[in-house]
Amino acid sequence: MIFPLRLFCAVAGFIFVDGGGVNIPSTLDGPFKPVTVPFDESLRGNAVDLPDSDPRVKRRVKGFEPEQISISLSAHYDSVWISWITGESQIGYNIKPLDPKTVASVVRYGKIRQPLTHEATGNSLVYNQLYPFEGLQNYTSGIIHHVRLTGLNPNTLYYYRCGDPSRQAWSKVDSFKTMPVSGPRNYPDRIAVVGDLGLTYNTTTTISHLISNKPDLVLLVGDVTYANLYLTNGTGSDCYSCSFPQSPIHETYQPRWDYWGRFMQNIVSKVPIMVVEGNHEIEEQARGETFAAYSSRFAFPSEESGSSSKFYYSFDAGGIHFIMLGAYIAYNKSGDQYKWLERDLANVDRSKTPWLVATWHPPWYSSYKAHYREVECMRVAMEELLYSYGVDIVFNGHISRSMLMKGQIEFIITH
């Protein structure tokens, strides 16, 4: 059954959508009064970033022990990605990148905690954020590992640990649950949708609330860390252009990514997180390179979903087919992303995935003055195609009352 729901969502606050079992009403049956909870007045009107002195963002591992561990889905239920970082990042004027070849990328896993009878290996990399201007500091990351596990059973709890056995540098044993097999009655129990997250005290409230709802999957619809609101010396501001008008290039403070990875590990080492880029991930550096942190730190099922890019991809979660689109790369009808989207939509089997959900960062429809019609060209290029294939729901971020609400966009979808 195809549910004729047409919903474009760009929201701030906490909103709960209860699936109510199999008989899910559509917008054609409405209008309905929105199901919401009151805004939490205890949240801070001005978002305040967590400082580097906060114990939740400090490095707690030794040597090459894994940290910043996260899980991402592959295109289908039978595969997931495990990602982590080993070694210390560096920021300064004379950085020396670590050699990824010196540390192995190994995951041991199984259906019982001990022994972990399966093993998978993967790839590793480091990335640099370079600024060729006097007085600006450069950054090089720790070693980032990505390992894909395959041949998994649906809706099954797996235990795992990651690291390098030759160094005896292992993580503790953790666990994750795979997605249900695709089918019209098979769905994750709860999906959390967050956007414009950052790393503020509001973020801590949002993530605590999210964890308490025990989601099976987290979607992050762009704007991850807001590291680009900082200079390379660690000085930050809610309005970069206002505070630093003389900056020769839009700087970033890349350690904020490491802080974010440490803070989020408590949930994303257990619950898969799927990310799409936002404007705050552009992070231009030397030679015009962009999106280095975003492209390096997360694993994406791009190849598995037929995409040649980390900026757009798709995956299934039970009876839902998710399409993640890039608003900050080419989306014109002659471009690679549009052609991939045509192929992906044409291959969707609505008898197996009745729900078709699309996600990108900036909304096409908004009355918010600062971003009004900001991506009108993307809408003109892609909207007709999405309508023609009956996309049910669209999730966006970006519109969060500027920096005042940073860290407070959240949905919880309950089946």
Side-chain angles (χ1 to χ4, degrees), residues 7-15 34 36 39-41 43-50 193-203 205-206 219-231 235-253 256-257 260 275-284 290-291 293-294 311 324-332 358-383 386 393-411:
L7 177 63
F8 281 71
C9 304
V11 298
F14 304 133
I15 298 182
T36 68
F39 177 70
D40 185 351
E41 297 292 344
L43 292 169
R44 300 157 185 82
N46 290 293
V48 178
D49 285 348
L50 289 186
V193 185
V194 294
D196 300 66
L197 197 55
L199 187 57
T200 70
Y201 287 100
N202 287 340
T203 307
T205 303
T206 296
L219 300 184
L220 175 47
V221 295
D223 285 1
V224 181
T225 70
Y226 292 83
N228 72 334
L229 293 183
Y230 284 79
L231 299 179
T235 303
S237 172
D238 276 348
C239 178
Y240 185 98
S241 59
C242 307
S243 300
F244 315 121
Q246 304 303 318
S247 179
I249 190 172
H250 193 128
E251 303 172 39
T252 69
Y253 188 62
R256 297 297 300 182
W257 281 93
W260 189 90
V275 184
V276 71
E277 76 277 7
N279 55 300
H280 284 277
E281 282 71 74
I282 296 173
E283 298 188 331
E284 184 179 2
T290 54
F291 293 104
Y294 165 84
F311 300 104
M324 314 291 274
L325 297 176
Y328 300 99
I329 59 168
Y331 40 67
N332 53 292
T359 293
W360 60 92
H361 182 61
W364 293 345
Y365 293 95
S366 168
S367 59
Y368 183 50
K369 182 178 180 180
H371 298 305
Y372 182 63
R373 301 188 74 177
E374 188 174 83
V375 282
E376 180 67 5
C377 292
M378 184 184 184
R379 184 195 68 78
V380 170
M382 290 185 163
E383 185 177 42
L386 296 182
I393 301 176
V394 169
F395 289 117
N396 304 122
H398 203 47
I399 308 302
S400 55
R401 282 172 37 195
S402 189
M403 294 300 102
L404 298 182
M405 297 290 290
K406 187 173 63 179
Q408 291 175 229
I409 295 185
E410 176 186 3
F411 269 87

Any luck finding a side-chain donor-acceptor pair between Thr203 and Thr200 under 3.5 Å? yes

With heavy-atom distances below 4.5 Å as the criterion, would you say the side chains of Tyr331 and Cys377 are in contact? yes

Non-hydrogen atoms of Ala381 and Asn332 that approach each other most closely: CB-CA, 4.4 Å

Looking at every heavy atom in both Ala327 and Met378, which two are closest together, and how far apart are they? CB-SD, 3.7 Å

For the backbone of Thr252 and the side chain of Asn228, can you confirm whether one donor and one acceptor N or O come within less than 3.5 Å of each other? no

Counting distance only, does the side-chain N/O of Asp196 pair as donor-acceptor with the main-chain N or O of His398 below 3.5 Å? yes

Can you name the nearest heavy-atom pair linking Val275 to Tyr294, along with the distance? O-OH, 3.7 Å

Any donor-acceptor N/O pair, Glu251 side chain to Tyr230 backbone, under 3.5 Å: no

Over 60° means perpendicular and under 30° means parallel, so classify the ring planes of Tyr240 and His250, tilted if in between. parallel

Start with the C-alpha gap between His280 and Thr225, add the side-chain angles, then the distance that decides, and say whether side chain to side chain contact (heavy atoms under 4.5 Å, CB included) holds. CA-CA 8 Å; His280 284 277; Thr225 70; over 6 Å; no

Please report the C-alpha distance between Ser366 and Tyr372 in whole Å, then the side-chain angles of each, then the deciding distance to 0.1 Å, and finally whether the side chain to side chain contact (heavy atoms under 4.5 Å, CB included) criterion is met. CA-CA 6 Å; Ser366 168; Tyr372 182 63; 5.8 Å; no

Tyr328 vs Phe291, side chain to side chain contact (heavy atoms under 4.5 Å, CB included): CA-CA, chis, key distance, verdict: CA-CA 10 Å; Tyr328 300 99; Phe291 293 104; 3.8 Å; yes

How far apart are the C-alpha atoms of Val193 and Val221, what are their side-chain angles, what is the distance that settles it, and do they pass the side chain to side chain contact (heavy atoms under 4.5 Å, CB included) test? CA-CA 7 Å; Val193 185; Val221 295; 4.2 Å; yes

Val276 pairs by side-chain contact (heavy atoms from CB on, under 4.5 Å) with which of Asn396, Thr359, Leu220? Thr359

Provide the closest heavy-atom pair for Gly222 versus Glu281 in the form atom of the first, atom of the second, distance. C-OE1, 3.8 Å

For the residue pair Phe244 and Leu231, establish whether any side-chain heavy-atom pair is separated by less than 4.5 Å. yes

Take Glu383 and Tyr365 through the test side chain to side chain donor-acceptor pair (under 3.5 Å) and record every step on the way to the result. CA-CA 11 Å; Glu383 185 177 42; Tyr365 293 95; 2.7 Å; yes

Check against side chain to side chain donor-acceptor pair (under 3.5 Å), Glu283 and Trp257: CA-CA 12 Å; Glu283 298 188 331; Trp257 281 93; 3.0 Å; yes

Once rounded to the nearest 0.5 Å, what's the spacing between atom CD1 of Ile399 and atom NZ of Lys369? 14.0 Å

Smallest separation among heavy atoms of Glu284 and Ile249, with atom names: O-CD1, 4.0 Å

Any side-chain heavy-atom pair of Trp364 and Val394 under 4.5 Å: no

Within the distance-only criterion (no hydrogens, no angle test), does the side chain of Ser243 pair as donor or acceptor with the backbone N or O of Cys239 below 3.5 angstrom? yes

Shortest non-hydrogen contact between Glu374 and Pro362, atoms and distance: OE1-CB, 4.2 Å

Atom pair CD1 (Ile329) and CD1 (Ile282), whose distance is rounded to the nearest 0.5 Å: 11.5 Å

Just so I know, are the side chains of Arg256 and Leu229 near enough to count as touching, which here means a heavy-atom distance under 4.5 Å? no

